[in-house]
Amino acid sequence: MIGSDIQHAMELLQQEQVVAIPTETVYGLAGNAFSPLAVSTIYAVKGRPAFDPLIVHTSRFERAAAFTTRIPDMAYRLAERFMPGPLTLLLPRSEAIPDIVTAGLPRVAIRVPGHPVAHDLLERLDFPLAAPSANPFGYISPTTAQHVESQLGDKVPYILDGGPCQVGVESTIVGFGDGQAVVYRKGGLAVEEIEAVVGAVSVRAHSSSNPQAPGMLKSHYAPRVPLVLGELRALHEQYRGKAVGVVAFRQALPGIPLQQQLILSPSGGLAEAARNLFAGMRYLDGLPLDVIIAELLPEEGLGRAINDRLRRAAAR
Ligand code: TXA
Ligand code: MG
């Protein structure tokens, strides 16, 4: 059921049940992070492998001191500047966080969402919320309550509606090593913004079967319709005679019905493109298409996070 009753969401969470919640990045599937029962329900509902850990959400970074044993100076500086916001910090975990949340890893992922509904909910609860994106494992992340309803509606007792997500791609994940910040997932906070605060970062958002941030699996965000990347006109030529969907940055491709085309941002805005990406990919994936052809965006700012999602969507 979809609704906007924060009190009801609180009661379910207090009973160790799971609730889908809005954040500014994507919707999350939340449960009491201190409750192994609630957390195991999250893994079950999402169909997520147990080796892939969950982010712990809290209303204020100060509250996170109890979840970690050490906060490097760089982490404080990033938290001060970007929290609440689309940033997740990997910090050494304390005993307060159960093994099942971090999949046994030595660090815990901490995020302070900027969405007012999420903030209000977290502020009123006396425990943090573990939450992955509220999609079945491997599929496109949800950016509206309806997206969650259409895929997990029968498995989640309540979906707290906070409207469409304003950022549209997941948080940027940052850890620390050898005196340098390390980006493990490119997301809604641009790498350039992080570098402006802590200096040069290394980006290790690669894919492997046993990664540091396992959500970085090579194939992810995958629509059912095969998605191929490249130069749109050449791809259109290659798939002539097929039912083709298009993901374009600014301009529609001539010769294909407009309702089969996702134009991410006619004005060329990367934030707007990020906001439109996942909903648009879902829309195209619901059409009777043979293939979706997509072009990469400029490799800068949020374009880097968008390109990362498109590359993973194309990987099979
Ligand atoms: O924007 C977001 O971050 C959204 C909203 C709901 O907050 N959440 C999200 O969660 O994207 P999820 O589970 O779909 O992706 C979290 C990523 C995964 O790649 C996971 O492996 C990584 O964070 N991660 C979580 N805890 C970790 C840990 N302790 N050590 C390393 N990686 C971790
Ligand atoms: Mg996810």
Side-chain angles (χ1 to χ4, degrees), residues 18-31 33 39 42-43 45-58 67-68 82-94 97-115 117-119 121-122 128-143 147-148 151-152 160 162 165-177 182-189 204-222 274 278 305 308-309 312-313:
V18 298
V19 172
I21 63 164
T23 83
E24 75 277 33
T25 57
V26 301
Y27 274 70
L29 181 62
V39 176
I42 295 173
Y43 281 95
V45 167
K46 200 177 147 79
R48 181 168 181 140
F51 62 75
D52 197 356
L54 308 180
I55 296 174
V56 174
H57 298 70
T58 184
F67 318 149
T68 175
F82 300 118
M83 287 184 168
L87 168 68
T88 293
L89 296 178
L90 289 179
L91 297 172
R93 85 165 154 137
S94 78
I97 301 298
D99 271 346
I100 183 171
V101 173
T102 64
L105 291 172
R107 291 187 290 188
V108 56
I110 295 169
R111 168 156 141 70
V112 179
H115 193 292
V117 172
H119 178 83
L121 177 67
L122 287 163
L129 293 176
S133 51
N135 50 287
F137 182 68
Y139 195 67
I140 302 162
S141 298
T143 53
H147 293 162
V148 182
Q151 289 192 302
L152 299 178
L160 189 56
C165 300
Q166 291 304 300
V167 175
V169 292
E170 298 85 347
S171 59
T172 302
I173 302 183
V174 177
F176 306 91
V182 181
V183 171
Y184 291 98
R185 176 173 72 184
K186 295 174 221 171
L189 178 63
R204 248 179 267 164
H206 51 201
S207 42
S208 83
S209 57
N210 187 21
Q212 291 263 8
M216 299 290 81
L217 295 174
K218 186 155 178 273
S219 171
H220 208 134
Y221 312 102
F278 287 155
D308 170 86
R309 305 308 184 268
R312 285 177 213 283

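Side-chain atoms are counted along with the backbone in the values below, which use heavy atoms only and exclude waters and symmetry mates. Remember, it's 1-based here, ligands and their atoms both numbered in the order they're listed.
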Closest approach of V101 to Y43 (non-hydrogen atoms, all atoms of both residues)
O-OH, 3.9 Å
Heavy atoms only: which of G28, G168, P106 is nearest to atom 6 (C) of ligand 1?
G28
From CA spacing to verdict: side-chain hydrogen bond (donor to acceptor under 3.5 Å, both in side chains), S133, E170:
CA-CA 8 Å; S133 51; E170 298 85 347; 4.8 Å; no
Quick check: does R107 get an N/O under 3.5 Å from an N/O on ligand 1?
yes
Going by the atom numbers of ligand 1, which of them fall below 4.0 Å from some non-hydrogen atom of I55?
3 (O), 8 (N), 9 (C), 10 (O), 16 (C)
Near S171, which atoms of ligand 1 are under 4.0 Å from a heavy atom of that residue?
1 (O), 2 (C), 3 (O)
Which of the atoms in ligand 1, numbered in the order shown and given with their element, are less than 4.0 Å from a heavy-atom of A109?
25 (C), 26 (N), 27 (C), 29 (N)
If the cut-off is 4.0 Å to any non-hydrogen atom of R48, which atoms of ligand 1 fall inside it?
12 (P), 13 (O), 14 (O), 18 (C), 20 (C)
Any side-chain to backbone donor/acceptor pair from R48 onto P53? Under 3.5 Å, distance only.
yes
CG-CG distance between L121 and L129, expressed to the nearest 0.5 angstrom:
5.5 Å
Check each atom of ligand 1 against the heavy atoms of P132 and keep those under 4.0 Å away; list them by number with element.
10 (O), 12 (P), 13 (O)
Qualifying residue, where the test is side-chain hydrogen bond (donor to acceptor under 3.5 Å, both in side chains) with T23 and the options are R111, Q166, H115, H119
R111
Find all atoms of ligand 1 within a distance of less than 4.0 Å from any non-hydrogen atom belonging to L105, and give their numbers and elements.
30 (N), 31 (C)
When rounded to the nearest 0.5 Å, the distance separating CG of L87 from OG1 of T25 is 11.0 Å
Least distance between heavy atoms, N135 atom then Y139 atom
ND2-O, 3.0 Å
Ligand 1 contacted by H57 (non-hydrogen, < 4.0 Å):
yes
Is the closest N or O pair between E170 and ligand 1 shorter than 3.5 Å?
no
Using 2.8 Å as the threshold, say whether any N, O or S atom from N135 sits that close to the Mg ion (ligand 2).
no
Is the side chain of Y27 donor-acceptor paired with the backbone N or O of G162 at a distance under 3.5 Å, no angle test?
yes
Rounded at 0.5 Å granularity, tell me how far CD in Q151 sits from CD1 in I140.
8.0 Å
Shortest reach to atom 27 (C) of ligand 1 by a heavy atom, considering only P53, A103, A30
P53
Rounded at 0.5 Å granularity, tell me how far OG1 in T172 sits from CZ in F82.
9.5 Å
Taking only heavy atoms of D52, which atoms of ligand 1 are found under 4.0 Å from at least one of them?
18 (C), 20 (C), 21 (O)
Is there any N or O on K46 that sits under 3.5 Å from an N or O of ligand 1?
no
Using a strict 4.0 Å cut-off to heavy atoms of T25, name the atoms of ligand 1 that fall inside it.
1 (O), 2 (C), 4 (C), 5 (C)
I need the contact type for L54 against ligand 1. Using non-hydrogen atoms and a strict under-4.0 Å cut-off, is it side chain, backbone, both or neither?
backbone
